[in-house]
Amino acid sequence: MLDVKYIRDNLELVEARLATRGGGVSLAGFRQLDERRRELLLQSETLKALRNKVSEEISRIKDKSQAQGRIAEMREVSQQVKVLDDQLRGVEEELQQILLTVPNIPHPDVPRGASEADNVEVRKWGVPPQLTFTPKPHWELGESLGILDFERGAKITGARFTLSRGAGARLERALINFMLDLHTERHNYVEMLPPFMVNRESMTATGQLPKFEDDLFHLDGPDYFLIPTAEVPVTNIHRGEILRGTDLPVSYTAYTPCFRKEAGSYGKDTRGLIRQHQFNKVELVKFVKPDTSDGELEKLLTDAETVLQVLDLPYRVMALCTADLGFSAARTYDIEVWLPGQDTYREISSCSNFGDFQARRAGIKYREDDKAKPEFVHTLNGSGLAVGRTLVAILENYQQEDGSVVIPEVLRPYMGGVERID
RNA sequence: GGAGAGAUGGCCGAGUAGGUCGAAGGCGCUCGCCUGCUAAGCGAGUAUACUGGGAAACCGGUAUCGAGGGUUCGAAUCCCUCUCUCUCCGCCA
């Protein structure tokens with residue numbers, strides 16, 4: 001959510017900057033509603049002030065029959081207040097509706113662009129392996145090795161669900177443990193294991209709601225949603241709290257499964273593990289002081305990159321352009337890993353700075369010192385990494401001509417010493 | 001699932017025959033004093049949001065005692081709904 005006062009004072013500028021995202025974001029109606037709200041508020045509060053004052057006088061009158069006139073007057077005032085407050089509530093709901101559906105303003109350093117084709121490559125790491133044979137896609141490798149069972153996944157649940165078996169299941173578990181250990185031991189994140197379902201307030205705080213309800217799995221009973229990313233429960237850990245400046249930055253990492261409907265992507269990535277309704281992810285989340293968030297994003301990005309470097313998987317870093325930025329993000333880097341089976345780079349992590357956009361929705365503040373006024377923190381998060389896609393990258397990059405797959409060195413301790421899947 | 005108890009400020013904890021309660025008291029914290037250090041002691045201060053005025057310091061108004069409605073001139077105190085916590089029984093990984 002954007003700062004109402006900032007919009008009020010900079011409406012044209014805000015609209016211009018939002019326009020760089022494309023897709024016609026509109027703040028039409030904001031100014032009028034905002035003015036109407038303050039008008040109604042002033043009227044209502046003036047009457048309430050009067051009522052409070054007179055009620056206090058009434059309380060001091062011993063003989064209430066002496067107060068009948070004023071009581072009657074105040075009864076009338078209360079009626080008016082009720083009418084004004086009803087109108088006010090209506091206006092505030094309209095205003096809220098606008099504010100909750102307006103995306104974040106892109107960071108000034110975000111490249112301008114019209115589509116994802118305008119994303120900018122920041123750097124490349126590693127060299128795609130020069131294979132002496134035609135590399136297979138991971139779904140073929142996984143099936144022939146008996147570690148990925150797409151048919152049974154579909155039987156058990158449906159399309160876009162997969163059953164992992166034996167060394168495949170263990171490799172996925174190994175990756176989760178490896179990533180969590182790396183981030184907690186080397187990068188100083190605190191591990192969290194949050195709920196995998198959240199309520200409506202949490203989804204609204206991070207920006208999934210109200211706009212993207214169609215992408216979420218919702219429970220039939222209570223008004224809960226399956227999380228599409230650990231970002232939601234982990235960022236909401238501090239919803240409605242005021243943190244101490246000396247505790248910042250706060251860095252959390254969490255493994256969770258993620259559940260996404262993938263509505264509108266019916267034809268895409270139908271084969272393999274790339275696009276699933278359920279996948280595992282290790283997430284990085286930070287709460288930081290505003291003036292440090294640019295640097296903290298670079299650090300978080302580096303922390304995510306380290307996972308690929310240690311696994312020796314080639315990748316590139318892309319700076320998303322204004323048109324490709326997510327709803328809540330002010331700035332985002334995607335990390336794309338090289339997939340020889342598909343001869344392309346595919347997204348494996350997305351690292352974003354949300355500025356105070358989520359913090360404002362979630363009410364997460366910090367106090368510089370005991371006397372300071374609370375200010376909104378900046379929130380950041382990134383995948384560190386998407387586990388299913390990391391498994392894909394390992395299968396495809398470490399495949400051998402005979403169809404076996406070598407286990408990366410650093411994962412072997414997590415695999416009981418296994419060096420190769422065949 | 002059944003029965004009962006409770007939710008007050010950073011924490012603890014008063015406050016229910018409705019009125020001067022944003023809320024006693026204690027702790028913690030901040031500033032000052034004092035004690036050559038430390039502890040103790042003394043004094044003052046110590047919520048948030050919105051909003052009006054002001055360049056600002058700041059001054060004023062409104063709201064907030066789990067959340068949302070209601071009764072009333074007036075509600076932390078009364079009524080209704082919901083949420084959460086705790087205890088007992090049942091069930092259960």
Side-chain angles (χ1 to χ4, degrees), chain A residues 1-9 30-100 193-205 209 218-219 221-225 233 236-248 250 257 287 356-377:
Chain A
M1 198 156 65
L2 303 180
D3 181 0
V4 173
K5 287 174 192 150
Y6 184 77
I7 302 177
R8 189 182 293 155
D9 296 336
F30 170 84
R31 178 147 284 166
Q32 201 195 337
L33 284 168
D34 180 54
E35 278 170 15
R36 179 80 181 130
R37 182 182 92 87
R38 283 185 290 164
E39 206 174 279
L40 287 167
L41 197 61
L42 187 63
Q43 290 177 26
S44 170
E45 290 189 348
T46 304
L47 289 177
K48 283 175 183 167
L50 173 68
R51 186 179 65 186
N52 286 345
K53 197 174 123 235
V54 175
S55 289
E56 203 257 294
E57 287 168 16
I58 292 171
S59 76
R60 285 194 308 237
I61 297 173
K62 291 284 186 289
D63 180 0
K64 294 302 187 232
S65 64
Q66 300 285 306
Q68 284 313 310
R70 269 178 277 193
I71 287 177
E73 269 175 57
M74 288 310 104
R75 187 177 301 146
E76 180 57 33
V77 166
S78 276
Q79 287 306 317
Q80 291 175 37
V81 166
K82 193 169 289 186
V83 171
L84 287 168
D85 280 352
D86 280 346
Q87 291 176 19
L88 187 61
R89 195 172 311 147
V91 168
E92 286 187 331
E93 270 168 26
E94 276 187 71
L95 210 47
Q96 195 67 358
Q97 197 54 37
I98 291 175
L99 291 170
L100 286 176
L193 185 59
F196 300 160
M197 300 175 205
V198 300
N199 59 30
R200 200 165 274 277
E201 291 71 56
S202 293
M203 281 294 185
T204 306
L209 291 180
H218 182 259
L219 264 61
D223 191 17
Y224 297 159
F225 297 86
N236 274 281
I237 288 172
H238 294 301
R239 172 150 54 88
E241 294 182 10
I242 299 174
L243 308 175
R244 284 191 306 195
T246 50
D247 291 338
L248 298 180
V250 168
F287 305 83
D356 62 8
F357 187 84
Q358 292 181 326
R360 180 169 280 110
R361 287 175 163 242
I364 307 171
K365 299 187 165 187
Y366 80 102
R367 223 189 290 268
E368 184 60 49
D369 57 69
D370 288 322
K371 291 176 154 182
K373 226 184 301 169
E375 275 185 70
F376 288 112
V377 300

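Not measured: the values here are computed from a predicted model. Residue numbers begin at 1 in each chain, while the letters A, B, ... track the order of the sequences.
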K.L.:
So which nucleotide from B:C73, B:U48, B:G19 ends up closest to the side chain of A:Arg51?
P.N.:
B:C73
K.L.:
If you count every heavy atom of other residues, nucleotides or ligands that lies below 6.0 Å from A:Tyr224 atom OH, does the total exceed 12?
P.N.:
no
K.L.:
For the pair made of CD in A:Gln68 and P in B:G74, what is the distance, rounded to whole Å?
P.N.:
13 Å
K.L.:
Go ahead and name the base partner of B:C65; Watson-Crick or wobble counts if both distances stay under 3.5 Å, otherwise write none.
P.N.:
none
K.L.:
Evaluate the criterion salt bridge (charged side-chain N to carboxylate O under 4.0 Å, His left out) for residue pair A:Asp86 and A:Arg89; output intermediate values, then yes/no.
P.N.:
CA-CA 5 Å; A:Asp86 280 346; A:Arg89 195 172 311 147; 3.7 Å; yes
K.L.:
Just N and O in the side chain of A:Arg367: are any of them under 4.0 Å from OP1 or OP2 of B:U48?
P.N.:
yes
K.L.:
Hunt down the Watson-Crick or G-U wobble partner of B:G9, both distances under 3.5 Å, from any strand shown, or write none.
P.N.:
none
K.L.:
Tell me whether A:Arg361 contacts the main-chain N or O of A:Leu100 through its side chain, where contact means a donor paired with an acceptor under 3.5 Å.
P.N.:
yes
K.L.:
Under 4.0 Å between any heavy atoms, over every strand shown, what does A:Lys373 touch: base, sugar-phosphate, or nothing? Just pick one.
P.N.:
nothing
K.L.:
Quick one: on RNA chain B, does A:Pro374 or A:Tyr224 contact a more 5' nucleotide (nearest heavy atom)?
P.N.:
A:Pro374
K.L.:
Quantified in whole Å, what is the P atom distance between nucleotide B:U85 and nucleotide B:U8?
P.N.:
14 Å
K.L.:
Rounded to the nearest Å, what distance is computed from the CD1 atom of residue A:Ile58 to the P atom of nucleotide B:A75?
P.N.:
12 Å
K.L.:
Does any nucleotide pair with B:A17 by Watson-Crick or G-U wobble geometry, both distances under 3.5 Å, and what is it?
P.N.:
none
K.L.:
What's the CD-P distance between A:Glu201 and B:G68, to the nearest Å?
P.N.:
12 Å
K.L.:
Suppose you measure atom C1' in B:G68 against the same atom in B:A75; what distance do you get, rounded to whole Å?
P.N.:
16 Å
K.L.:
Return the pairing partner of B:A3 with a 3.5 Å limit on both distances, Watson-Crick or G-U wobble; otherwise return none.
P.N.:
B:U87
K.L.:
When the P atoms of B:G25 and B:C82 are compared, how many Å lie between them, rounded to an integer?
P.N.:
38 Å
K.L.:
Looking only at atom P, what distance separates B:U87 and B:C80, rounded to whole Å?
P.N.:
26 Å
K.L.:
Taking NZ from A:Lys53 and P from B:U62, how many angstroms apart are they, rounded to a whole number?
P.N.:
11 Å
K.L.:
Whom does B:U30 pair with, Watson-Crick or G-U wobble, provided both distances fall under 3.5 Å?
P.N.:
B:A44
K.L.:
Roughly how many Å is it from CZ in A:Arg239 to C1' in B:U83, rounded to a whole number?
P.N.:
13 Å
K.L.:
On a whole-Å scale, what distance lies between the P atoms belonging to B:A57 and B:A49?
P.N.:
15 Å
K.L.:
Quantified in whole Å, what is the C1' atom distance between nucleotide B:A24 and nucleotide B:A67?
P.N.:
26 Å
K.L.:
Say we look at B:C21 and B:A14: how far apart would their C1' atoms be, to the nearest angstrom?
P.N.:
12 Å
K.L.:
Identify, between A:Glu45 and A:Asp86, the residue whose nearest nucleotide on RNA chain B lies closer to the 5' end.
P.N.:
A:Glu45
K.L.:
From C-beta outward on A:Leu41, which listed nucleotide comes closest to its side chain: B:C50, B:A49, B:U71?
P.N.:
B:C50
K.L.:
Touch check for A:Ser78, heavy atoms < 4.0 angstrom, all strands: base, sugar-phosphate only, or nothing?
P.N.:
sugar-phosphate
K.L.:
Does the structure show a Watson-Crick or G-U wobble partner for B:G36, both distances under 3.5 Å? Name it, or say none.
P.N.:
none
K.L.:
Please tell me whether A:Ser55 and A:Asn52 have a donor and an acceptor in their side chains that are separated by less than 3.5 angstrom.
P.N.:
no
K.L.:
B:A47 C1' sits how many Å from A:Ile242 CD1, rounded?
P.N.:
8 Å
K.L.:
Quick one: are A:Phe357 and A:Leu2 in side-chain contact, heavy atoms under 4.5 Å?
P.N.:
yes
K.L.:
Starting from P on B:G22, measure out to CG on A:Asn52 and report it in whole angstrom.
P.N.:
9 Å
K.L.:
Does B:G22 have a Watson-Crick or wobble partner in any strand here, with both distances under 3.5 angstrom, and which is it?
P.N.:
none
K.L.:
Partner lookup for B:G60, please. Criteria are Watson-Crick or G-U wobble with both distances under 3.5 angstrom; report none if nothing qualifies.
P.N.:
B:U51
K.L.:
Using a strict 4.0 Å threshold on nitrogen-to-oxygen distance, state whether A:Glu39 and A:Arg36 make a salt bridge.
P.N.:
yes
K.L.:
Heavy atoms under 4.0 Å, any strand shown: does A:Arg200 hit a base, just sugar-phosphate, or nothing?
P.N.:
nothing
K.L.:
Report yes if the side chains of A:Glu241 and A:Ile364 come closer than 4.5 Å at any heavy-atom pair, otherwise no.
P.N.:
no
K.L.:
At under 4.0 Å between heavy atoms, what does A:Arg38 touch on the DNA or RNA strands: base, sugar-phosphate, or nothing?
P.N.:
sugar-phosphate
K.L.:
Tell me what A:Lys5 touches on the nucleic acid: a base, only sugar-phosphate, or nothing, going by heavy atoms under 4.0 Å.
P.N.:
sugar-phosphate
K.L.:
If I pick the C1' atom on B:U30 and the same atom on B:G19, what distance separates them, to the nearest angstrom?
P.N.:
35 Å
K.L.:
Nearest-Å distance, CZ (A:Arg37) to C1' (B:U62)?
P.N.:
12 Å
